[in-house]
Amino acid sequence: MNDPLGEIREAIISAVKEVSPVPIEEVPLSRTPPGHEGHLGTPIGFKLAKKLGMSPEEVAERIASEMKLPSGVKRVTVMRGFINFEVDRDLLFRRVLELAIREELGRDGFFGRVIVEHTSANPVHPLHVGSGRNAVIGDTLARMLSYMGFDVDRRYLVNDSGLQMAYLVLGSTFSPPAPSDVKKDHWYGIIYASSNMAVMLREGKNVEEVRVNLEKLRSKNRELVDSVVEGVSKMDDPSAKLQELIRRYQSGDGEISHMFRRCAEEVLLGFKETLSRLGVIHDAFDWESDLIWSGLVRRTVERLSRYIGEEEGALYLDLHKAAEDNDVVLKVFGFSSLEKFKQSVPQKFFLTRSDGTWLYTATDIAYSCYKLEELKFDRCYNVVGAEQKVEQNQVRSSIALMGIDPDRLVHFSYEIVELTSGRMRGRMGTYLTLDELVDATKRRVEDLLRGRGMSDSEISEISDKVAVGAIRYALLAVDPNKVVRFDWSRVLNLNENSGPFIQYSYTRATSILRKAGSMPTSFNPSNLEEELEEELIFKIAEMPSIMRSSVDLMRPDMLIQHANEMALLFNRYYEKYPVLKAEDGVKEARMFLVAAFKGALGILMDLTGIPRLDRM
RNA sequence: GGGCCCGUAGCUCAGCAUGGACCAGAGCGACGGCCUUCUAAGCCGUAGGUCGCGGGUUCAAGUCCCGCCGGGCCCGCCA
């Protein structure tokens, strides 16, 4: 890996091997605080002191004396339990800057083939801000893996064979034809919510809430809402009709298939348009119905027949029974005792309904086999909401029972985005769409840009990029394990700690280099004497290890955090030290630093999908 | 009832993976400064914290362990 600090880590690891019987895998390596010797330090002595029965100082001394001096390091000193490294500025700085300028920092060779399955929203209503979080997290993960040397396929599972789609198809039979100028995902979203709420009303569920939300929905398109609600409420038994639709679709009924596919395809077209606005693309769309029609789902489930039971015609998988036979199930769920497992995990999950139609978990198991066995990918990341953790583990258990290593299927879990008005619900039509978010953000940026002497087309182009940067930043900046409470003022914040702040910093670097005309051919790192310069270089040098952690811990927000810190440092540097007006020698060195910063930040922007731009 | 996640300035969040250089950091908001000098979407400064509470482990705990409290999610023939 192109990691300028990698050699130091390696040196510590191999020195530890000489001293300690237990090897270590990871080394904490951080900047020494002001007033201490050296540039980088590791508290390794403290870590091993107890294990080795020595004092921290003694451990550190012994490791330090065993260590082969890594290139790029001038001196190794021991301070209590810390081992500190004084780097060879000339060598290390040059290495860091060159890697950054070439934009190779953290890049690596071929590791294997992986799938990132993300977004995969049911094609029944427009993508909302929550789906947006999924999309940008998945897309960022894919970008990171690809940069780090994996062959990545971005796939979308189209859930077109379930109850949600049936609601949409049912509703659409009562809908007037869609005007050609409306975006179909938005159109169908109204139908879907109307259809759902009409059924809820008939069944007397959540009546008050439904009335309120139905009224709100009417403000979008009264005629459409009313015709769907009226049509559904006049039916004898809408639930039976929904069941019938699913049954006929899954069995491949021609007329019904046409209806399902047409709705789903039109909605997906809208999805693709929305996603492409945010720079999100997929390599493949896999249809749940194709998995069913091809017989793959049936064949896959047959492989689990030992653990399958039946209840009123519905098939289920007995996980407790499976766990008794094979403790891989326990491992998947993270339990060590069978007893505790049985207490905490539901005994069974259903694969089919009583009428024989497949449920999502069954198709998902088949899809997992398809990805790992037929397409032969080494690993598959499923970017799926945290609330589906149990389902994901059911799937992982199932493939494990078929002899597939469950660790090849990774649940990349993320939490929901909540509006101030509460949780978004597609079936109630209470969501903020991604399109609305992009539009509003773009308008906000355009307002800011007017009166700066730019052409309309320039304003439009820049505001597109800034809006995307702002949105992707806002959705990525929070630990995926945390619920995001959506806040307009935060997304529309174009100041520090935002996408535009990163972009602004990038344009400043670009601007310096543009004004300079051409890059000097060489520079002398010893002309980079300022504390801020050193800080910035180390911040850049840390990028490869941040990238690794970000992938390993499934924390794309770490990239955002790092980009923000880099921009913060660069802006301070920019204000304090002139580049083009610096004296000879210093000027060239600073230009290299600026170019390196631009390259390094550019890498992080590419990875997080915050668009690069030269002017703003 | 069981399982998982979250709890750090008024607000939004980092820091917890790998305990150590942290007398706890950003941003927003508030207040006060800085545009004849590479883009002020910026920079500098001030104010603001019993790291939910209580135990424990440790030379050392925001970080690890246990218990509790508060919030969220899951425990569907939904996805």
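Quick caveat: nothing in here was measured; it's all calculated off a predicted structure. Chain letters run A, B, ... following the sequence lines, proteins first, then strands; residues in each count from 1.
In this structure, the CG atom of A:Asn481 is 12 Å from the C1' atom of B:C16, given to the nearest Å. Here B:U57 presents its P atom at 21 Å from CZ of A:Phe46, a figure rounded to the nearest Å. Distance, A:Leu475 CG to B:C13 P: 13 Å, rounded to whole Å. Taking atom CG of residue A:Leu351 and atom P of nucleotide B:A79, one finds them 12 Å apart after rounding to whole Å. In this structure, CZ of A:Arg452 is placed 14 Å from C1' of B:C35, rounded to the nearest angstrom. When rounded to the nearest whole Å, the span between CG of A:Asp552 and C1' of B:U18 equals 13 Å. Atom-to-atom, OH of A:Tyr506 to C1' of B:A41 comes out at 17 Å; the value is rounded to the nearest Å. For the pair A:Lys348 NZ and B:C75 P, the interatomic distance rounds to 16 Å; values are reported in whole Å.
Taking 4.0 angstrom as the limit, A:Tyr504 places a side-chain polar atom (N or O) nearer than this to OP1 or OP2 of B:A41. For B:U39, the OP1/OP2 oxygens have a side-chain nitrogen or oxygen of A:Lys515 closer than 4.0 Å. For B:C38, the OP1/OP2 oxygens have no side-chain nitrogen or oxygen of A:Lys587 closer than 4.0 Å. Note on A:Lys482: a side-chain N or O is less than 4.0 Å away from OP1 or OP2 of B:G7. Listed pair A:Arg508 / B:A40 meets the phosphate criterion, a side-chain N or O lying under 4.0 Å from OP1 or OP2. Phosphate contact (OP1/OP2 of B:U39, side-chain N/O of A:Arg514, threshold under 4.0 Å): absent.
Judged by Watson-Crick or G-U wobble contacts below 3.5 Å, the nucleotide B:G67 has B:C53 as its partner.
Proximity of residues 556-567 of chain A to RNA chain B (heavy atom under 4.0 angstrom from any strand atom) is restricted to A:Gln561.
When the C1' atom is compared between B:C13 and B:C6, the two are found 13 Å apart, to the nearest whole Å.
Side-chain atoms of A:Thr352 stay outside donor-acceptor range of the base of B:C77, with no qualifying N/O pair under 3.5 Å.
Between A:Thr32 and A:Gly41, the shortest heavy-atom contact is CG2-N, 3.9 Å.
Residues A:Tyr360 and A:Trp358 keep their aromatic ring centres 6.0 Å or farther apart.
Using a 4.0 Å heavy-atom cutoff across all strands shown, A:Gly162 reaches sugar-phosphate atoms only and no base atom. At a threshold of 4.0 angstrom between heavy atoms, the contacts of A:Tyr577 include nucleobase atoms, whether or not backbone atoms are also involved. Residue A:Asp614 is in base contact, counting any heavy-atom pair closer than 4.0 Å across all strands shown. Base engagement by A:Val579 is indicated by at least one non-hydrogen atom pair under 4.0 Å involving a base atom.
In this structure, a donor-acceptor pair under 3.5 Å is absent between the side chains of A:Asn493 and A:Ser498. Side-chain atoms of A:Asp286 and A:Tyr156 form no donor-acceptor pair, as typed in the model, at a separation below 3.5 Å.
The glycosidic torsion of B:C51 lies more than 90° away from 0, which places this base in the anti conformation.
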As a quick check of understanding, evaluate ring pair (Phe, Tyr, Trp, His ring centres under 6.0 Å) for A:Phe341 and A:His320, giving each step before the final call.
CA-CA 8 Å; A:Phe341 170 82; A:His320 287 192; 5.6 Å; yes
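Judged by a 6.0 Å distance limit and a 45° cone about the ring axis, A:Lys340 is not positioned over the six-membered ring of A:Phe335.
Considering A:Arg425, A:His125, A:Arg423 in turn, A:His125 is the only one that fulfils the side chain to side chain contact (heavy atoms under 4.5 Å, CB included) rule with A:Tyr431.
In summary, A:Glu535 and A:Lys539 do not engage in a salt bridge, as defined by a charged side-chain N under 4.0 Å from a carboxylate O.
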